[in-house]
Peer 1: 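Structure in structure tokens, see below.
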Amino acid sequence: MELRNRQLRDIYVDLLIEYAKKYENLVIVEADLMKAAKTNAFFETFPERAINVGVAEANMIGVAAGLANMGKIPFTHTFTPFATRRVFDQVTLSVAYAKLNVKMVGSDPGIMAQLNGGTNT
């Protein structure tokens with residue numbers, strides 16, 4: 001896969017699709033950012049393994065923890081400030097304390113998210 005001149009989001013979704021073909025237990029849980037993250041391609045390829053929880057990041061982590069507890073490998077995605085601040089209790093109690101295999105991805109960190117508004121920085 002040629003990585004040069006590609007956006008990180010394109011690489012991320014291409015790799016998710018590639019790994020999902022190898023690992024049937026890989027799922028994604030999104031906080032209503034499929035268009036921004038370009039994960040709509042995953043939703044189209046594996047609709048039964050893609051969950052959009054809406055703008056509800058704490059719920060996203062809870063859903064991912066439940067999926068991990070059932071043997072799935074969930075990848076979560078939201079904007080970085082929400083993946084680090086808004087979900088802190090859920091990550092601590094539902095994922096880390098329980099030692100569950102949840103992958104968390106944050107995009108548009110800090111000033112990179114300036115077009116998304118002040119709450120995203």
Peer 1: Quick check for you: to the nearest 0.5 Å, what is the distance between E30 atom CD and T39 atom OG1?
Peer 2: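 Taking CD in E30 and OG1 in T39, the distance rounds to 3.5 Å.
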Peer 1: Can you name the nearest heavy-atom pair linking V29 to P74, along with the distance?
Peer 2: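 The pair with the smallest heavy-atom distance is CG2-CB, 4.4 Å.
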Peer 1: Identify the heavy atoms of A68 and L100 that sit nearest to each other, and give their distance.
Peer 2: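 For A68 versus L100, the nearest heavy atoms are CB-CB, 4.0 Å.
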Peer 1: Going from OH on Y19 to CD1 on I73, what distance comes out if it is rounded to the nearest 0.5 angstrom?
Peer 2: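 Rounded to the nearest 0.5 Å, the OH-CD1 separation comes to 11.5 Å.
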Peer 1: Same cluster or not: V27 versus F43, using hydrophobic residues (I, L, V, M, F, W, Y) connected whenever any side-chain heavy atoms lie under 4.5 Å apart?
Peer 2: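 No, V27 and F43 fall in different hydrophobic clusters.
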Peer 1: For V95 and A65, work out which heavy atoms get closest and say how close.
Peer 2: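 Scanning both residues completely, I find the closest heavy atoms to be CG2-CB, 4.2 Å.
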Peer 1: Out of V105, V53, I61, I28, which one pairs with T76 under the side-chain contact (heavy atoms from CB on, under 4.5 Å) rule?
Peer 2: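 Option passing the side-chain contact (heavy atoms from CB on, under 4.5 Å) with T76: I61.
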Peer 1: Applying the 4.5 Å side-chain criterion to the ILVMFWY set and letting contacts propagate, would Y12 and Y23 be lumped into a single cluster?
Peer 2: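 Linked within one cluster.
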Peer 1: R9 side chain to S107 main-chain N or O, any donor-acceptor pair under 3.5 Å?
Peer 2: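 Absent.
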Peer 1: Quick one: CG on D14 to NZ on K38, what's the gap to the nearest 0.5 Å?
Peer 2: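 Rounded to the nearest 0.5 Å, the CG-NZ separation comes out at 10.0 Å.
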Peer 1: Looking at V13 and A41, what are the two nearest heavy atoms and their distance?
Peer 2: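 That closest heavy-atom pairing would be CG2-CB, 4.2 Å.
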Peer 1: Are N101 and K103 close enough that a side-chain donor and a side-chain acceptor fall under 3.5 Å?
Peer 2: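 A donor-acceptor contact under 3.5 Å links the two side chains.
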Peer 1: Taking the side chain as everything from C-beta on, heavy atoms only, tell me whether M104 gets closer than 4.5 Å to V91.
Peer 2: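 They are in side-chain contact.
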Peer 1: Counting only N and O atoms by type, is there a donor-acceptor contact under 3.5 Å from the side chain of R86 to the main-chain atoms of A58?
Peer 2: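 No; judged by distance alone, with no hydrogens or angles, the pair does not exist.
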Peer 1: How far does NZ of K72 sit from CZ of R49, to the nearest 0.5 angstrom?
Peer 2: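 Interatomic distance, K72 NZ to R49 CZ, rounded to 0.5 Å: 7.5 Å.
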Peer 1: Would you kindly confirm whether V63 and V102 end up in one hydrophobic cluster when ILVMFWY residues are joined by side chain heavy atoms under 4.5 Å apart?
Peer 2: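 Yes, because V63 and V102 connect within a single hydrophobic cluster, where side-chain heavy atoms sit under 4.5 Å apart.
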Peer 1: Output the distance between atom CZ (F82) and atom CD (E57), rounded to the nearest 0.5 Å.
Peer 2: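 One gets 6.0 Å once the value is rounded to the nearest 0.5 Å.
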Peer 1: At their closest point, which heavy atom of A83 faces which heavy atom of V87, and how far apart are they?
Peer 2: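 The pair with the smallest heavy-atom distance is O-CG2, 3.2 Å.
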Peer 1: Answer with yes or no whether the hydrophobic clustering places F88 together with M60; edges join I, L, V, M, F, W, Y residues whose side-chain heavy atoms lie under 4.5 Å apart.
Peer 2: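 No; M60 is not reachable from F88 via cluster members.
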Peer 1: Set out, in order, the CA-CA distance, both residues' side-chain angles and the distance that settles side chain to side chain contact (heavy atoms under 4.5 Å, CB included) for F75 and F42, then state yes or no.
Peer 2: CA-CA 12 Å; F75 279 72; F42 189 99; over 6 Å; no
Peer 1: Look up atom CG in L16 and atom CG in L26, then write down how far apart they are to the nearest 0.5 Å.
Peer 2: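 The CG atom of L26 is 6.0 Å from CG of L16, to the nearest 0.5 Å.
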